[in-house]
Amino acid sequence: MEIAAASTVSVAPQLPRLTNAFSRKLGSVSSLSFGSLKRNYCVGNAKLRVSASSSVDVITADKISPASFLDKRETGGVLHFVKYHGLGNDFILVDNRDSSEPKITQEQAAKLCDRNFGVGADGVIFAMPGVNGTDYTMRIFNSDGSEPEMCGNGVRCFARFIAELENLQGKHSFTIHTGAGLIVPEIQDDGQVKVDMGIPILKAQDVPTKLPGNKGEAVIQAELVVDGVSWNVTCVSMGNPHCITFGTKGGPNQKLKVDELNLPEIGPKFEHHEMFPARTNTEFVEVLSRSHLKMRVWERGAGATLACGTGACALVVAAVLAGRANRKCTVDLPGGPLEIEWKQEDNHIYMTGPAEAIFYGSALL
C-alpha cells in the first residue's frame, strides 16, 4: 500500500487540540466512512477529547506534491512541511525560500521533533535563498534544538525536496551553501542522490579535537580513554566533527561487534568528552571486508540514529588511513547501505544514497 498523509499536530505547550487528517492512496476509493467515535485523554492536568464521525474525504497521493501542498501559506501559527527520510534518518523539510531567517525557532524545532508530543524527526531542515552565488542555502536544527554545520542524509532529502518544489525532472545538480561550506548534490536518473561532500578535514584543531596529532597534525588510531576504557580513535571533520573507532586497544586483530554495543550508554560519553570542545559525532565500525563496512552512530544533538551520511564519509576516510579499507566502499547503517568513494584524483568524498518523501503535514506552533 502506498501512503501519503497530511497531518496537523499541535506543539504548543498547552496542547489545546490535536487533529489528524490522513490522505491515502487506496485504489479508486475517494472517501472513507467511520462510525461515531469519542475518546477522552488526559495530558498533564488537562483533559483532551477527540471525536470523529460521518465521513472523511481521502485525497489520493498522486494528487499531492510538495509544491502544491506548501502553496498554502502559513497563517495563524500553522507551519506546512513535508517529511522525508534518508535510510531512516528522518527530517521535517520547510520551504523557507522567501526568507533568510528560519520560520520557526530552535525551541519550536525541538518540540516538532519530539516523537511523542510532536511530529517526530531527527531534525528540521530549512530550504533558504542561496548566498555567494549558490542556488540555495540549507540550515538544520537538530532534535535537541542545536544547529549542526551540515547533515549528509539531510542534504539528500533537501535535494529531492528542491527538485519537487521546482519541478525538476531527470538528472539535475545544484549548489547548496551550508555551515560546512559548498555542497553539490546531483539527483540521478534512478532517483538516488549523489553528493560531492568535499574534502575531509584532518588537522586536529580544525576538527576540532584537543587530542594531539600523532600523524603529523592528524589524529589517526590514537588513544582516547572513555569511562576508564582505552579506545583507538581517528578524528575527521566533514564540516562537522567525527570520532571514528574500530574498537578498544588490544591489538589489530581485535574486531568490534557493533551490534553488541550499548550505544545509549557509551554514545553520550564520547559526544561530551572533554577532548571534543564542540562535542562530536561518533561512529563505531565493524570491518566486514576491504570494500564493506558496518557502522552504528551516535549523533551529536540527535543521539542514536538509523543513518548518518557525513559519518559514513568520515569512517571511510578513517578506514583508508588506517589501512583497513579501499577508497570505494559500501557502508551498512541500521537504516540501509550508502555507497561512499574517496577519490584520489581530487581528494573529494562522494556519497550516493536514497531520499524519500514520507508525508505532508501542518503543525500548530
Side-chain angles (χ1 to χ4, degrees), residues 85-90 122 143 151-153 200 207 209 211 219-238 240-273 275-276 279-342 349 351-354:
H85 83 90
L87 298 179
N89 200 191
D90 55 344
D122 291 321
S143 58
C151 174
N153 289 311
V207 171
T209 178
L211 287 169
V219 177
I220 302 172
Q221 292 291 88
E223 181 179 3
L224 177 70
V225 178
V226 180
D227 199 25
V229 178
S230 295
W231 295 76
N232 284 318
V233 301
T234 297
C235 298
V236 179
S237 172
M238 293 302 305
N240 56 349
H242 292 271
C243 172
I244 303 97
T245 180
F246 297 91
T248 57
K249 292 184 71 68
N253 295 324
Q254 187 168 344
K255 189 175 182 180
L256 182 63
K257 299 291 186 181
V258 295
D259 290 335
E260 298 175 3
L261 287 171
N262 185 343
L263 201 56
E265 180 181 346
I266 190 66
K269 294 174 182 178
F270 275 84
E271 178 184 355
H272 298 280
H273 198 285
M275 288 294 103
F276 304 109
R279 296 189 292 163
T280 190
N281 302 280
T282 308
E283 287 75 37
F284 300 88
V285 189
E286 183 174 341
V287 179
L288 303 178
S289 75
R290 290 191 62 82
S291 60
H292 194 181
L293 308 172
K294 182 178 182 179
M295 88 172 198
R296 291 181 67 193
V297 59
W298 182 268
E299 289 198 54
R300 177 187 60 165
T305 62
L306 294 179
C308 177
T310 54
C313 294
L315 80 84
V316 170
V317 171
V320 170
L321 293 174
R324 295 172 180 263
N326 302 327
R327 285 180 169 264
K328 188 173 184 179
C329 294
T330 298
V331 179
D332 286 344
L333 305 100
L338 285 173
E339 300 299 324
I340 309 295
E341 183 176 10
W342 184 19
I349 302 177
M351 169 190 65
T352 303

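Values below: every heavy atom of this structure, side chains too, minus hydrogens, waters and symmetry copies.
Taking all atoms of both residues into account, the shortest heavy-atom contact from Met295 to Cys308 is CE-O, 3.6 Å. Of all non-hydrogen atoms in Gly86 and Ala307, the two that sit nearest each other are O-CB, 3.9 Å. Heavy atoms only, all atoms of each residue included: Gly311 and Glu283 are closest at CA-OE2, 3.4 Å.
With sequence neighbours excluded, the residues satisfying side-chain hydrogen bond (donor to acceptor under 3.5 Å, both in side chains) with Glu265 are Asn262. Remark: Arg300 engages Glu149 in a salt bridge (Lys or Arg N to Asp or Glu O under 4.0 Å) (not counting sequence neighbours). Arg290 is linked by a side-chain hydrogen bond (donor to acceptor under 3.5 Å, both in side chains) to Asn326, counting only residues two or more places apart in sequence or in another chain. Partners of Ala318 under the side chain to side chain contact (heavy atoms under 4.5 Å, CB included) rule, at least two apart in sequence or in another chain, are Thr234, Ile244, Phe246. For Glu271, the side-chain hydrogen bond (donor to acceptor under 3.5 Å, both in side chains) criterion is met by Arg279, Trp298, not counting sequence neighbours. Every residue two or more places apart in sequence or in another chain was checked for a salt bridge (Lys or Arg N to Asp or Glu O under 4.0 Å) with Glu341, and none qualifies. Residues passing the side chain to side chain contact (heavy atoms under 4.5 Å, CB included) test with Cys235 are Val207, Thr209, Leu211, Val219, Phe276, sequence neighbours excluded. Partners of Thr330 under the side chain to side chain contact (heavy atoms under 4.5 Å, CB included) rule, at least two apart in sequence or in another chain, are His292, Asp332, Pro337, Glu339. With sequence neighbours left out, Asp90 forms a side-chain hydrogen bond (donor to acceptor under 3.5 Å, both in side chains) with Lys83, Arg115.
Interatomic distance, Leu315 CG to Lys294 NZ, rounded to the nearest 0.5 Å: 13.5 Å. In this structure, OG in Ser143 is found 6.0 Å from CG in Asp122, a value given to the nearest 0.5 Å. Atoms CZ and CZ, on Phe270 and Phe284 in that order, are 4.5 Å from each other to the nearest 0.5 Å. Considering CD of Glu286 and CG of Asp259, their distance stands at 6.5 Å, rounded to 0.5 Å. One finds the CG atom of Leu321 at 4.5 Å from the CD1 atom of Ile220 (value rounded to the nearest 0.5 Å). Here the straight-line distance linking atom OG1 of Thr280 with atom NE2 of His272 works out to 11.0 Å at 0.5 Å rounding.
Inspection of the Asn240 and Thr310 side chains reveals an N or O donor paired with an N or O acceptor under 3.5 Å.
Within the 4.5 Å cutoff, no side-chain heavy atoms of Val285 are placed close to those of Thr245. Proximity of Leu87 to Leu306: side-chain heavy atoms (C-beta onward) are nowhere separated by under 4.5 Å. Within the 4.5 Å cutoff, side-chain heavy atoms of Leu224 are placed close to those of His273.
Of the possible polar contacts, none joining the Asn89 side chain to the Asn153 backbone as a donor-acceptor pair under 3.5 Å is found.
Screening residues 223-232 for salt bridge (charged side-chain N to carboxylate O under 4.0 Å, His left out) gives Asp227-Lys269 as the qualifying pairs, with residues at least two apart or on separate chains.
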